[in-house]
Amino acid sequence: MNPKNFKRYTVTAALPYANGPLHIGHLAGCYIPSDIYVRYLRSRERDVAYVCGSDEHGVAITIKARKEGISPQEVVDRYHEMMKRSFAEFGISFDHYSRTSAKIHHETASGFFEDLYQKGEFLEQTTQQYYDEEAGQFLADRYIEGTCPKCGHEHAYGDQCEKCGSSLSPTDLINPKSKLSGSTPVLKDTKHWFLDLARYTDFLKNWILVDHEKDWKTNVLGQCRSWLEAGEGLQARSMTRDMDWGIPVPVEGAEGKVLYVWFDAPIGYISSTKEWAAEKGIDWEPYWKDEGTKLVHFIGKDNIVFHCIIFPAILKTHGGYVLPDNVPANEFLNLEGDKISTSRSWAVWLHEYLEAFPGKQDVLRYVLTANAPETKDNDFTWKDYQLRNNSELVAIFGNFVNRAVVLTHKFYNGLVPALGDLSDIDRDALAALLEFPEKIAASIERYRFREALSYVMDFARTGNKYLADTEPWKSIKDNPERTATVLNIALNIAANLAIVAEPFLPHTAAKMYKMFGLSGLNWGDAGKHGLLKTGKTIQPAELLFDKVEDETVAAQVNKLMETKKQNEMAVAPVTPMKDIITYDDFAKLDMRVVKVLAAEPMPKSKKLLKLSVDTGLGTRTVLSGVAEHFKPEDLIGKQVVMLINLAPRKIMGIDSEGMILMAEDKDGSLRLLLPGSETANGSTIS
RNA sequence: GGCGAGGUAGCUCAGAUGGUUAGAGCGCAGGAUUCAUAACCCUGAGGUCAGGGGUUCAACUCCCCUCCUCGCUACCA
């Protein structure tokens with residue numbers, strides 16, 4: 001459908017998770033793109049609902065609350081307010097910002113669940129989960145700690161070992177302990193409701209891979225294809241959890257269970273819309289149920305599966321709802337070459353940015369749009385920030401507006417001079433006035449915001465070139481009429497620039513409107529050269545941007561380097577001592593000096609080397625997960641330490657008869673343990 | 001290894017359905033200019049489009065293979 005045929009738009013931005021402050025990655029990923037899109041639509045006088053809200057359920061929040069000794073509600077209250085403020089300060093113009101702990105959301109989400117339940121859409125399955133008898137509750141994966149079966153790390157979580165990175169299931173853990181009471185949890189039956197996604201495969205394949213093959217981004221289609229066409233197909237997903245923080249499952253016999261966050265979070269968009277409509281006294285339903293509504297979800301790439309697979313499946317099953325017309329997911333933004341991380345504090349926090357750069361919201365908006373991770377992961381660097389500020393915003397955009405206004409004050413006391421006869425160069429400039437808004441609009445409609453922004457800058461360049469070509473500071477001496485025409489046109493270019501820049505740089509556009517004494521303009525006015533009428537008073541020039549000095553960015557880089565240093569020290573504490581053992585325990589281990597006779601990469605494996613070693617007692621085969629640290633030739637002929645009485649274990653079809661011992665350095669790299677000098681193969685170690 | 005996304009000038013990136021000398025911005029060099037936050041404007045240098053095969057009259061664009069980066073996933077006794 002042609003975008004212009006839609007009657008109204010519902011635009012959503014991913015609900016930010018209320019367990020930490022917002023950083024530049026959030027902004028670049030979905031809030032700035034969605035805000036640009038919506039501001040543009042409003043400027044076009046289209047009917048838009050732009051909704052968002054805090055995502056306040058889930059295990060991570062309960063863990064954070066427990067750690068800080070406060071209630072989950074207190075955690076989400078804190079971050080909800082903080083995020084809401086950051087959004088407001090950066091001009092993210094939600095029509096409504098709600099939260100998933102709101103009553104209306106609990107009702108909406110429960111309603112959805114009940115509807116699907118009544119339709120018999122859920123598979124009820126009873127599985128065994130760990131239960132903490134002392135605390136009297138089931139334990140989320142993250143609440144169980146134990147020894148990692150793969151690397152022996154003693155504080156692995158039930159879902160993942162942070163040391164070796166392997167993903168685990170709670171029952172894999174050796175010696176599991178509840179993080180709530182410290183007691184050993186027991187396995188207990190629990191019933192959950194699963195959404196059988198496999199049933200939607202055909203519908204989803206058609207809808208996404210066929211119907212939207214041409215208009216969705218390749219990264220989004222690729223991710224969907226990877227889910228839809230994976231060997232095992234879509235797996236049923238549990239839509240409920242054993243927990244007390246969240247929305248109670250509205251079904252008999254579901255006491256102590258809540259809806260899975262990912263079931264309730266997207267429904268939050270609907271709740272937020274309802275809340276907004278109620279406040280406005282209008283009907284929310286057309287925004288979600290009318291075929292003429294264009295629904296667009298702005299998200300980061302980590303959310304693709306939920307917004308393209310699970311949520312549409314839910315909406316489709318419920319029936320009566322429109323499906324997203326597009327899900328323009330962005331990739332990730334890195335910071336100075338490293339992945340942004342809340343837990344490692346490797347981020348530029350919005351509230352800290354505002355303290356360090358007051359009044360420079362638009363600069364960050366500009367940089368994050370110009371370098372947005374639209375097609376691939378991108379890197380934010382302070383050097384790039386400075387460069388874009390100084391040589392683009394200051395030198396091109398700000399400078400052009402300043403020149404036009406200063407000249408007007410210098411030659412015409414701040415009054416817009418009259419338009420006289422037009423030369424070719426004037427006509428070209430006026431033609432550009434018409435073309436740019438169209439080009440910019442076309443790019444925005446296609447979600448190509450960085451391209452759209454570059455056209456905005458080209459428009460400003462056109463203004464600079466126009467002044468350079470017409471040289472009004474020269475013509476004022478012998479041809480004041482000519483100068484008047486030139487400045488009239490230059491000022492009107494600047495006024496038009498404000499209109500097209502507004503979605504990207506709203507604070508700047510506001511300053512420009514104020515300077516020109518304009519208000520109430522929108523996209524429909526763009527392209528006109530009579531926005532500033534002859535004789536109108538222009539306010540004195542006010543600089544729109546100022547230079548960012550070397551010291552300023554150096555300070556930010558230093559701050560990050562400090563963080564990095566602290567992270568390195570914090571992340572790599574020397575592993576604490578394990579529990580005391582007896583000599584007999586130790587004596588059970590049979591460690592020997594052995595010689596590596598042969599080594600070869602294990603076919604079809606990235607991490608394994610297949611070693612053949614002389615243990616003195618015979619030759620054995622050992623598979624060792626060191627292929628990423630050593631080449632076969634690094635090992636061949638070396639004497640190393642091996643645990644030879646470890647029970648053999650079949651890996652990838654081959655028996656591995658023992659374990660080569662290595663030292664692991666702070667950074668995770670491995671070192672061989674070599675005898676000080678040549679030693680007989682099979683020598684014992686004690 | 002499987003799946004997905006990328007690998008285009010020093011840097012950041014554009015390049016529907018294959019077709020004249022591969023583009024932009026920044027950076028760099030030179031020039032011009034002085035209204036402007038020494039900014040603007042003009043010109044130029046810079047790329048065997050990751051590498052190798054193939055299809056074609058013609059490939060950055062299609063096919064195959066290899067290498068590298070990122071994400072998800074499997075193997076680390």
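Numbers restart at 1 for each chain; the letters A, B, ... are given by sequence-line order, proteins then strands.
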Considering only side-chain heavy atoms of Thr218(A), which listed nucleotide, G6(B), A14(B), G25(B), is closest? G6(B)
Less than 4.5 Å apart, any side-chain heavy atom of Arg365(A) and any of Asp362(A)? yes
Between atom OH in Tyr455(A) and atom P in A14(B), what is the gap in whole Å? 12 Å
Arg450(A) CZ to G25(B) C1', straight-line distance once rounded to whole Å: 11 Å
Cationic tip of Lys301(A) within the cone over Phe332(A)'s six-membered ring, i.e. under 6.0 Å and within 45° of the normal? yes
Could you tell me whether the side chain of Thr552(A) reaches within less than 4.5 Å of the side chain of Glu549(A), counting heavy atoms only? yes
Let's go through Ser443(A) and Glu451(A) carefully: what are the C-alpha distance in whole Å and the side-chain angles of both, what is the deciding distance for side chain to side chain donor-acceptor pair (under 3.5 Å) to 0.1 Å, and is it a yes or a no? CA-CA 7 Å; Ser443(A) 293; Glu451(A) 179 180 81; 2.7 Å; yes
Between C62(B) and A5(B), how many Å separate the two P atoms, rounded to a whole number? 13 Å
For U12(B), does OP1 or OP2 lie under 4.0 Å from any side-chain N or O of Ser454(A)? no
Identify whether any heavy atom of Arg446(A) sits under 4.0 Å from a base atom; if not, whether one sits that close to sugar-phosphate; answer base, sugar-phosphate or nothing. nothing
Taking CD1 from Ile208(A) and P from G4(B), how many angstroms apart are they, rounded to a whole number? 15 Å
Rounded distance in Å between the C1' positions of C70(B) and A32(B): 46 Å
Flag the pair Glu542(A) / Met515(A) as yes when at least one side-chain heavy-atom distance between them is below 4.5 Å, and no otherwise. yes
Can you tell me, in whole Å, how much space there is between the C1' of C64(B) and that of A22(B)? 25 Å
Rounded to the nearest angstrom, tell me the gap between atom CZ in Arg225(A) and atom P in G2(B). 18 Å
Check nucleotides 32-39 of chain B for protein N or O atoms closer than 3.5 Å to its own N or O atoms and list the pairs.
residue, atom, partner, partner atom, Å
C35(B), O3', Lys410(A), NZ, 2.9
C35(B), O2, Arg403(A), NE, 3.1
C35(B), N3, Arg403(A), NE, 3.2
C35(B), N3, Arg403(A), NH2, 2.5
C35(B), N4, Arg403(A), NH2, 3.0
A36(B), OP1, Lys410(A), NZ, 3.0
A36(B), O3', Asn402(A), OD1, 3.3
A36(B), O2', Asn399(A), ND2, 2.7
A36(B), O2', Asn402(A), OD1, 3.1
A36(B), N3, Asn399(A), OD1, 3.4
A36(B), N3, Arg403(A), NE, 3.1
U37(B), N3, Phe545(A), O, 2.7
U37(B), O4, Phe545(A), N, 3.4
U37(B), O4, Phe545(A), O, 2.3
A39(B), OP1, Lys547(A), NZ, 2.8
A39(B), O2', Ala395(A), O, 3.2
A39(B), O2', Asn399(A), OD1, 3.2

Are Glu392(A) and Tyr366(A) close enough that a side-chain donor and a side-chain acceptor fall under 3.5 Å? yes
Any side-chain donor near an acceptor of the partner, Thr619(A) and Asp614(A), under 3.5 Å: no
Tell me: CG of Leu453(A) to C1' of U12(B), nearest whole Å? 13 Å
Please state how far atom CD in Glu392(A) lies from atom P in C11(B), giving the value in whole angstrom units. 17 Å
Whole Å only: how far is the CD atom of Glu331(A) from the C1' atom of G6(B)? 9 Å
Is the number of heavy atoms from other residues, nucleotides or ligands under 6.0 Å of Arg427(A) CZ greater than 12? yes
Under 3.5 Å between N/O atoms: give me all the protein pairs with nucleotides 68-70 of chain B, atom names plus distance.
residue, atom, partner, partner atom, Å
C70(B), O2', Asp377(A), OD2, 3.1

Taking the side chain from Asn488(A) and the backbone from Ala418(A), do they hold a donor-acceptor pair closer than 3.5 Å? no
For the C1' atoms, the ones on A16(B) and on C57(B), what distance do you get once it is rounded to whole angstrom? 23 Å
Stem regions touching RNA chain B, defined by at least 3 consecutive Watson-Crick or wobble G-U pairs below 3.5 angstrom: B:1-7 with B:67-73, B:10-13 with B:23-26, B:28-31 with B:41-44, B:50-54 with B:62-66
Give a yes or no answer on whether the side chain of Asn303(A) reaches the backbone of Phe306(A) with a donor-acceptor pair at less than 3.5 Å. no
Could you give the distance separating U43(B) and G19(B) at their C1' atoms, to the nearest angstrom? 30 Å
Rounded to whole Å, please give me the gap between CE in Met659(A) and P in C76(B). 11 Å
Using atom C1' in both nucleotides, what's the gap between U12(B) and G53(B) to the nearest angstrom? 32 Å
For G31(B), does the O4'-C1'-N9-C4 (purine) or O4'-C1'-N1-C2 (pyrimidine) torsion place it in syn, i.e. within 90° of 0, or in anti? anti
Indicate whether the side chain of Ser612(A) and that of Thr621(A) have a donor and an acceptor atom separated by less than 3.5 Å. no
How about Phe357(A) and Trp382(A): are their ring centroids closer than 6.0 Å? yes
Side-chain donor-acceptor pair under 3.5 Å between Gln386(A) and Asp550(A), yes or no? yes
Between U8(B) and C3(B), how far apart are the P atoms? Round to whole Å, please. 24 Å
